[in-house]
Amino acid sequence: MGALLGYLLLVLNFKAAESLLGEKFGIKVTASDEGQVSGYLDESDIRFINVLYGRSAGKTNVAVSFYCELPTSGAKTLSRSYSSSLSVAVVPSLPLALGVPITWILPPHYTTTSLLPSSSESYTQFNSQNPKGTINYSLLRGLEKNDALQTDAISIDKDRIKTAASNNVACIRAKDRTTGRTEIASCIKVAEVTQIRTASKAVLFNVIDLAVGAELDLPTSFYDALGNPFYEAYNAVPFFAETNYPDVLGINRTADGKGNVHIKAIRHGKALVRVSISEAPQKSDYVLVRVGAHIYPQNPVLRVGSPLNFSINGLNDKVSGQWFSTNGSVVSVDKLSGMAKAVGEGSVQVSFKHGKSKLQTTVTVLKGDTISVDAPKEMLTNVPYPSKGYNFSVKFSESLAAPGGSQRVSFDCRVDPHMWGT
């Protein structure tokens, strides 16, 4: 696959075929392990390299043909023609934009982390050894009188962005110094932080279940007055976290620099966690933490035929009890061990009963085999991109995986449309 303004080396090898060459025609020819011809024939005559340059996006076939007259043992010559073709796809130039959202909201008087891709750690097709890289970032300047003030309010320092006063907007232009192509990489909006919220995949309906002794980092995120999330705002404003029952739940108030609140379950009970902006305590968010025994895993999603071993978390001592399923045709569960198996499509309640106590969770069973693909954790950007590309994690459902995991499962990954990546 080629690329705009890229190049492709086309190599043609002449391979021996017993039906055409050999003693039948009186030609002294020997074929090497790779099938290349040697002997009386000059290698420079049967092998050549040509360079193809991509001009515009699209797909085309490149064909090569040539004609040979081969001498035989007699007076006659043997004439043969050969041809070969190759399908070549030319992808358009990668965009210089830094992804979605196109507008990044940043707090005032703030210096970001390395948001602009570092050219020294990235791959560029034509200039991979250049420590300066090929992409240059600059602020777009208008013709208005207050443009100088706006430029001072937002500036670029190598791969970082600096802001000053709020209520300013600017766009960053990316220029490929190799081709001269320019695009808008991103736009910056500077706004005040007015809201704080907890944000975690572990938080469902602002409720968290923890076992005694369990610890959890609870992430927080900032928002502007309209409820728009900040693209980055580490320690932009001071905030604090507290709980109404510190004997049930412990909170580490030391900031880790990334906006996380570290909590630890101490004993059985329920406690509220309140996260507030220090200068505006009325602007808060709450999470309910329930400390005690619970079924693990909580609310799993299974495929038909998949097994799952349920257990109880949060009990200091091992207790005896029995496991139950509300519908054995969907999920069957062993009463003593808690080993379950997805039998049919549907949703059921799996419960554990101990004396007068009862714990339960919802199990959803889906039909069919699936392959899931998880995106990389880092920000995906097109130019310049990492030298080894991005790693996408591929996961298979239980029925597709090899028994015991002793064998690898072969699969093929493609990007659709193909011009977006390979």
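In what follows, every heavy atom counts, from backbone to side chain, and hydrogens, waters and symmetry copies are set aside. Each residue takes its place number in the sequence, starting with 1.
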- Task: Would you name the heavy atoms of T243 and A271 that are closest together and state the gap between them?
- Result: OG1-CB, 3.5 Å
- Item | Partner of L210 under side chain to side chain contact (heavy atoms under 4.5 Å, CB included), chosen from N313, I266, I263, V248 | I263
- Message: Per the salt bridge (charged side-chain N to carboxylate O under 4.0 Å, His left out) rule, what does the pair list look like for residues 281-301, sequence neighbours excluded?
- Response: D209-R290
- Measuring from W104:CH2 to L115:CG, what's the distance to the nearest 0.5 Å? 5.0 Å
- Message: Has S276 got a side-chain atom pairing as donor or acceptor with S278's backbone, closer than 3.5 angstrom?
- Response: no
- State whether the number of non-hydrogen atoms from other residues, nucleotides or ligands found under 6.0 Å of N167 atom CG is greater than 12. no
- Item | Donor-acceptor contact present, side-chain T198 to main-chain T220, <3.5 Å | no
- Message: Using the rule given for side-chain contact (heavy atoms from CB on, under 4.5 Å), can you reason through L359 versus I312, listing the C-alpha separation, both sets of side-chain angles and the distance that settles it, and then say yes or no?
- Response: CA-CA 9 Å; L359 303 174; I312 302 298; 4.0 Å; yes
- Task: Determine which pairs satisfy salt bridge (charged side-chain N to carboxylate O under 4.0 Å, His left out) with at least one residue from residues 272-281, sequence neighbours left out, and list them in order.
- Result: E242-R274
- Message: So does G180 get a backbone contact from the side chain of D176, meaning a donor-acceptor N/O pair under 3.5 Å?
- Response: no
- Task: May I ask you to decide if L272's main-chain N or O and N244's side chain share a donor-acceptor pair within less than 3.5 Å?
- Result: yes
- Query: With distance as the sole test, does T163 use its side chain to make a donor-acceptor pair with the main-chain N or O of Y110 at under 3.5 Å?
  - Reply: yes
- Item | Heavy-atom pair with the smallest gap, counting every atom of A225 and T194 | N-OG1, 2.9 Å
- Do other residues, nucleotides or ligands put more than 12 heavy atoms under 6.0 Å from the CZ atom of F324? yes
- Message: For a 4.5 angstrom cut-off between non-hydrogen side-chain atoms, does V301 reach L366?
- Response: yes
- Task: Give a yes or no on whether the backbone of I102 and the side-chain of S186 come within a donor-acceptor separation of less than 3.5 Å.
- Result: yes
- Going by heavy atoms in the side chains, are I154 and I161 under 4.5 Å from each other? yes
- Query: Taking C-beta and beyond as the side chain, do N260 and L218 meet within less than 4.5 Å on heavy atoms?
  - Reply: no
- Minimum heavy-atom distance between Q298 and I295, given as atom pair plus value: NE2-O, 2.7 Å
- Message: Once side-chain hydrogen bond (donor to acceptor under 3.5 Å, both in side chains) is applied, do any residues pair with N327, and if so which ones, sequence neighbours excluded?
- Response: S329
- Starting at OG of S284, measure out to CD1 of I196 and round the result to the nearest 0.5 Å. 8.5 Å
- Heavy-atom closest pair, residues A191 and I105: CB-CG2, 4.2 Å
- Grab the two heavy atoms, one from A342 and one from V365, that are nearest each other, plus how far apart they are. CB-CG1, 3.7 Å
- Message: If only side-chain N and O atoms count, and only distance matters, is there a donor-acceptor pair under 3.5 Å linking S325 with Q349?
- Response: no
- Passes side-chain contact (heavy atoms from CB on, under 4.5 Å), V273 versus L249? Steps please. CA-CA 9 Å; V273 176; L249 193 68; 3.3 Å; yes
- With side chains defined as the heavy atoms from C-beta onward, is the minimum distance between P107 and F230 less than 4.5 Å? yes
- Examine distances only and state if a side-chain atom of Y82 and a backbone atom of V64 form a donor-acceptor pair shorter than 3.5 Å. no
- Task: May I have the step-by-step check of side-chain contact (heavy atoms from CB on, under 4.5 Å) for V275 and Y286, ending in yes or no?
- Result: CA-CA 6 Å; V275 181; Y286 295 86; over 6 Å; no
- Identify, with sequence neighbours excluded, every residue that meets salt bridge (Lys or Arg N to Asp or Glu O under 4.0 Å) alongside K162. D157
- Using side-chain contact (heavy atoms from CB on, under 4.5 Å) as the criterion, list what pairs up with S83, not counting sequence neighbours. S65
- Item | Point-to-point distance, once rounded to the nearest 0.5 Å, from CG of N391 to OG of S393 | 9.0 Å
- Item | Residues which pass side-chain contact (heavy atoms from CB on, under 4.5 Å) with R173, listed by chain and number, not counting sequence neighbours | S138, L140, T182
- Message: Tell me which pairs pass ring-ring contact (aromatic ring centres under 6.0 Å, His included) where either residue lies in residues 342-364, with sequence neighbours left out.
- Response: W323-F352
- From Y234 OH over to T112 OG1, what is the distance, rounded to the nearest 0.5 angstrom? 10.5 Å
- Item | Pairs touching residues 160-192 that satisfy disulfide (SG to SG under 2.5 Å), sequence neighbours left out | C171-C187
- Are V350 and P300 close enough that some pair of their side-chain heavy atoms sits under 4.5 Å apart? no
- Query: Which residues satisfy the side-chain contact (heavy atoms from CB on, under 4.5 Å) test with T60, sequence neighbours excluded?
  - Reply: none
- Message: Please enumerate all residues that pass salt bridge (Lys or Arg N to Asp or Glu O under 4.0 Å) together with E183, with sequence neighbours excluded.
- Response: R181
- Task: Would you check if T362 and S347 make a side-chain contact, meaning some heavy-atom pair closer than 4.5 Å?
- Result: yes
- Note on the structure: side chain to side chain contact (heavy atoms under 4.5 Å, CB included) with D224: of E192, Q195, K189, only one passes, and it is K189
- Message: Nearest 0.5 Å, please: how far is CG in N309 from OG in S337?
- Response: 6.5 Å
- Sequence neighbours left out, what passes side-chain contact (heavy atoms from CB on, under 4.5 Å) with V343? Give chain and number order. S332
- Message: In the structure I gave you, are the side-chain heavy atoms of V261 and D217 within less than 4.5 Å of one another anywhere?
- Response: no
- Task: Answer yes or no for K175 and Y137: cation-pi contact, defined as NZ/CZ to six-membered ring centre under 6.0 Å and angle to ring axis within 45°.
- Result: no
- Under the salt bridge (Lys or Arg N to Asp or Glu O under 4.0 Å) test, which residues partner R160, sequence neighbours left out? none
- Note on the structure: d(M339 CE, S311 OG) to nearest 0.5 Å is 10.5 Å
- Expected output: side-chain S166 to main-chain P108 donor-acceptor under 3.5 Å: no
- Task: Count the heavy atoms of every other residue, nucleotide or ligand shown that sit under 6.0 Å from OH of Y296, and state whether that count exceeds 12.
- Result: no
- Message: Pair I156, I172 - check side-chain contact (heavy atoms from CB on, under 4.5 Å), show working.
- Response: CA-CA 9 Å; I156 298 175; I172 297 177; 3.9 Å; yes
- Heavy-atom side-chain contact between T113 and E232 under 4.5 Å: yes
- Query: For the residue pair H109 and A165, what are the closest heavy atoms and their distance?
  - Reply: CE1-N, 4.2 Å
- Query: Testing K264, R267, K270 for salt bridge (charged side-chain N to carboxylate O under 4.0 Å, His left out) with D247, which one passes?
  - Reply: R267
